[in-house]
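In what follows, a single structure is set out as structure tokens and then discussed.
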Amino acid sequence: MVPVALFWFRRDLRLHDNAGLCAALRSGLPIVPVFIFDPKILSSLDADDRRVSFIYSALEALQEQLVAAGTTLQVLHDEPLKAFATLCGRYHVAAVYTNEDYEPYARQRDAAVAAELGRQGIAFLSFQDQVLQAPGAVQKEGGGYYQVYTPFYRRWQALLTDACLKPHPSEQLAGAFHREPVGTWPSLAQLGFRKNPVHAVSPCLPAETLLRSYHDTRNLPAIAGTTRLGVHLRFGTVSIRALARQALDTSETFLKELAWREFFMQLLAQEPRLVSESFRKEYDAIDWRQDEEAFGRWCAGTTGYPLVDAGMRELQATGFMHNRVRMVTASFLVKHLLIDWRRGEAHFARLLLDFDLSSNNGNWQWVAGCGCDAAPYFRVFNPQLQAARFDPDGAYVRQWVPEWGTSAYPNPIVDHKKAVARCVAVYKKALAREQLALFP
Ligand SMILES: Cc1cc2nc3c(=O)[nH]c(=O)nc-3n(C[C@H](O)[C@H](O)[C@H](O)COP(=O)(O)OP(=O)(O)OC[C@H]3O[C@@H](n4cnc5c(N)ncnc54)[C@H](O)[C@@H]3O)c2cc1C
């Protein structure tokens, strides 16, 4: 058997400008492309999970290009260690190339795979691809990671050199794939899933006009003023470098949003405990309400607050919710209804097409006031004022809540003033109790 190298696709489902794939294709070894459906990840998902459908379609698109290049994607459904044992039985594997993944589970998984391959004398080579600055690269002057966004952004931006923005032309090296006839894959049904009809925008770079007006329109949910590329950044169906080059030419406001993504990514990489804990531990003493009826009405979009209800229904129907509305709906759950932010985080995680652990967790903690650089707890969004400011003619609300303004629309589930007063009192009590415990 001729020696080959494997390229393991994960959050980088594209052939163009792919850093790890480019390095692999330049290695001089024929490259076998691989994707592994990991049962550990799949087992926690609904049978019609939106992202599994998205990934499956993205793999089909990848396969079309790979077949045109004379090769085929190896798709396995197994624990990664076992999948590599299978692949090492099938090929003479000299090396495994991949791109870095910074989530806590991914890091453990990669360490285990690298160790096992290392025992067999197989190199495991991992490259920076999904970010402009890898977690740990943006450090404070005296060392340590940033906990406040604005100084993080300044340093992050100063580090945006040509070297980190330049493309990796993997698409020009397609001749270096291992030549192989088309293989078969497990179907979605064999993986235990069925197709979800929710779909994403196509993975194209945004129009220049959109980015030029982004600063003025990004807060208006009724218009298509944002890129909707979150899902493509999550699964690497667009290149972050291409997007950042475009942002540098057109919109610093947009660049700053890309930096928020990396801010939360470095935060979770530094503090894996945030998966279940508040960044500010004292906020875990809050006496959250267990109110199933209120939680159900928030999920269903029947709270009687039109902007909240429109957002929750948009999420359910499309797998997307506008950022401004994510802030309002999240704040409403945590502050008006006093329900634990982790329940809202889990609901978003189940339905968002662009769900990304670090961004979802970081933003929920930001809204709840318990995150680093978070809004102070006593500043509570007023959903009615937010609607008047960002959806002044009600176009967004009417799109998702057609019965708004009729007798069929429910009365508000809570009174705004009373809910804010309750929220501030409960937060205050928890924080005072914690302070007393710390400094009796
Ligand atoms: C409660 C809550 C939960 C969220 N959950 C997620 C999530 O699971 N996944 C996710 O990608 N974003 C999340 N966000 C951030 C933001 O709402 C989405 O990134 C954005 O709405 C996606 O739409 P877009 O692609 O049109 O964004 P654009 O406005 O076009 O922005 C471009 C990209 O910048 C990044 N970005 C923009 N805003 C933020 C932000 N506040 N934090 C981190 N990255 C940002 C995203 O990658 C986004 O795709 C959440 C925000 C809130 C308030």
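Just the heavy atoms: all of them, side chains too, but no hydrogens, waters or symmetry mates, feed the values below. By convention here, the first residue in the shown sequence is residue 1. All ligand and atom numbering here is 1-based and tracks the order in the structure.
- The list of side chain to side chain donor-acceptor pair (under 3.5 Å) pairs with a residue in residues 385-400, not counting sequence neighbours, reads Glu314-Tyr396, Arg324-Gln386.
- Close contacts between ligand 1 and Arg261 involve ligand atoms 43 (C), 44 (N), 47 (O) [criterion: under 4.0 Å to a heavy atom].
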### Query
Can you list the steps and then say if Asp49 with Arg350 is a salt bridge (Lys or Arg N to Asp or Glu O under 4.0 Å)?
CA-CA 8 Å; Asp49 185 85; Arg350 199 163 70 79; over 6 Å; no

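- Remark: atom 29 (O) of ligand 1 lies closer than 4.0 Å to at least one protein heavy atom.
- Note that the CZ atom of Arg234 and the CG atom of Asp354 stand 10.0 Å from one another [nearest 0.5 Å].
- Each of the following atoms of ligand 1 lies closer than 4.0 Å to a heavy atom of Ala330: 1 (C).
- For ligand 1, the polar-atom distance check finds an N/O of Asp356 within less than 3.5 Å of one of the ligand's N/O atoms.
- Backbone and side-chain nitrogen or oxygen atoms of Trp260 are examined, and none is located within less than 3.5 angstrom of a nitrogen or oxygen of ligand 1.
- Comparing Asn360, Val367, Leu211, Asn323 against atom 21 (O) of ligand 1, the shortest heavy-atom distance belongs to Asn323.
- Considering backbone and side-chain atoms together, His322 places no N or O closer than 3.5 Å to any N or O of ligand 1.
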### Query
Would Val201 and His232 count as a side-chain contact (heavy atoms from CB on, under 4.5 Å) if you check the C-alpha gap in whole Å, the side-chain angles of each, and the deciding distance to 0.1 Å?
CA-CA 9 Å; Val201 299; His232 296 297; 4.1 Å; yes

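- When only non-hydrogen protein atoms are considered, atom 24 (P) of ligand 1 lies nearest to Arg228 N, 3.4 Å.
- Residue contact check for ligand 1: Trp366 places no non-hydrogen atom closer than 4.0 Å to it.
- Closest to atom 38 (N) of ligand 1 among all protein heavy atoms lies Glu257 OE1, 2.9 Å.
- In this structure, Met327 has a heavy atom closer than 4.0 Å to ligand 1.
- In terms of protein heavy atoms, atom 22 (C) of ligand 1 is closest to Asp354 OD2, 3.6 Å.
- With a 4.0 Å cut-off on non-hydrogen atoms, Phe264 touches ligand 1 through its side chain and not its backbone.
- Taking the six-membered ring where tryptophan is involved, the planes of Phe332 and Tyr305 are tilted, since the angle between them lies from 30° to 60°.
- The closest approach between a heavy atom of Phe254 and any atom of ligand 1 is below 4.0 Å.
- Taking atom 50 (C) of ligand 1 as the reference point, the nearest protein heavy-atom neighbour is Asn363 ND2, 3.5 Å.
- Among all non-hydrogen protein atoms, the one lying nearest atom 43 (C) of ligand 1 is Ser359 OG, 3.4 Å.
- Of all atoms in ligand 1, listed by their number and element, those nearer than 4.0 Å to a heavy atom of Phe355 are 8 (O).
- Close approach to Gly230 involves these atoms of ligand 1, each under 4.0 Å from a residue heavy atom: 25 (O), 49 (O).
- For the atom pair CZ (Phe320) and CG (Leu353), the distance works out to 10.0 Å, reported to the nearest 0.5 Å.
- Ala5 pairs by the side-chain contact (heavy atoms from CB on, under 4.5 Å) definition with Leu29, Ile31, Ala95, Tyr97, not counting sequence neighbours.
- Between atom NE2 of residue His336 and atom OG of residue Ser331 there is a gap of 6.5 Å, rounded to the nearest 0.5 Å.
- Looking at Leu229 next to ligand 1, an N or O pair under 3.5 Å apart turns up.
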### Pair Glu103-Arg10, salt bridge (Lys or Arg N to Asp or Glu O under 4.0 Å): steps then yes or no
CA-CA 12 Å; Glu103 283 189 4; Arg10 292 105 64 96; over 6 Å; no

### Query
Run the salt bridge (Lys or Arg N to Asp or Glu O under 4.0 Å) check on Arg109 and Glu79 step by step: do they pass?
CA-CA 10 Å; Arg109 173 199 64 201; Glu79 289 162 24; over 6 Å; no

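- By heavy-atom distance, the residue among Arg326, Met265, Glu262 lying nearest atom 20 (C) of ligand 1 is Arg326.
- Contact annotation: for Leu233 versus ligand 1, heavy atoms closer than 4.0 Å belong to the side chain alone.
- Using bins of under 30°, 30° to 60° and over 60° for the plane-to-plane angle, the ring pair Phe9/Phe7 lands in the perpendicular bin.
- Here Phe263 and Trp156 keep their ring centres 6.0 angstrom or further from each other.
- Classification of the Tyr377-Tyr427 ring pair by plane angle, with boundaries at 30° and 60°, yields parallel.
- The protein atom (non-hydrogen) at minimum distance from atom 23 (O) of ligand 1 is Phe320 CE1, 3.4 Å.
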